[in-house]
Amino acid sequence: MKDEQYTSLLIELNRATALGWAQDSWQSIKKRGLDGGLDSVVVIRQMFNYNLGKLVKKDRFGKDLPTTSPSLSRFDSAKPEALRYALNKSV
């Protein structure tokens, strides 16, 4: 299996988990009253992409992440804006 094919497989295998986590994160943000001014669709999409990237990287490499990988370069591991906002507001 080629690198891109394996990454695509991991994306499909982790899609439902990443979406569930993103939806749970949004509910947690709302429950804590940190959702003012945030668009739920945008937040869930950002959290989904963030979670999916983390899951795929973990399944692919565990703790031994390479410095470069063409098929994983599309995943940005920076925290989504909504997560940074919620973390800053909760302190």
Original post:
Honestly curious: do Met1 and Leu10 fall in one hydrophobic cluster under the side-chain, below-4.5 Å linking rule?
Top reply: yes
Subject >> side chain to side chain donor-acceptor pair (under 3.5 Å) partners of Asn14, counting only residues at least two apart >> reply: Asp59
**OP:** Tell me whether Ile11 is reachable from Leu9 by hopping between hydrophobic residues (I, L, V, M, F, W, Y) whose side-chain heavy atoms are closer than 4.5 Å.
**Re:** yes
Original post:
Which pair of heavy atoms, one from Ala18 and one from Asn51, lies closest together, and at what distance?
Top reply: O-ND2, 3.7 Å
**OP:** Supply the atom-to-atom distance Met47 CE to Tyr50 OH, rounded to the nearest 0.5 angstrom.
**Re:** 7.0 Å
Original post:
In terms of hydrophobic clusters joined by side-chain contacts under 4.5 Å, are Val43 and Leu34 together?
Top reply: yes
Original post:
With sequence neighbours left out, what residues match Arg15 under salt bridge (charged side-chain N to carboxylate O under 4.0 Å, His left out)?
Top reply: Glu12
Subject >> Nearest atoms (heavy-atom pairs only) where Trp21 meets Leu55 >> reply: CH2-CD2, 3.5 Å
Original post:
Quick one: does Leu19's side chain get under 4.5 Å of Ile44's, heavy atoms only?
Top reply: yes
Original post:
Rounded to the nearest 0.5 Å, how far apart are CD of Gln27 and OG of Ser40?
Top reply: 9.0 Å
**OP:** Could you grab the distance from atom OH of Tyr6 to atom OG of Ser8, nearest 0.5 Å is fine?
**Re:** 12.0 Å
Original post:
Of all heavy-atom pairs between Val56 and Thr7, which one has the smallest distance, and what is that distance?
Top reply: CG1-CG2, 4.3 Å
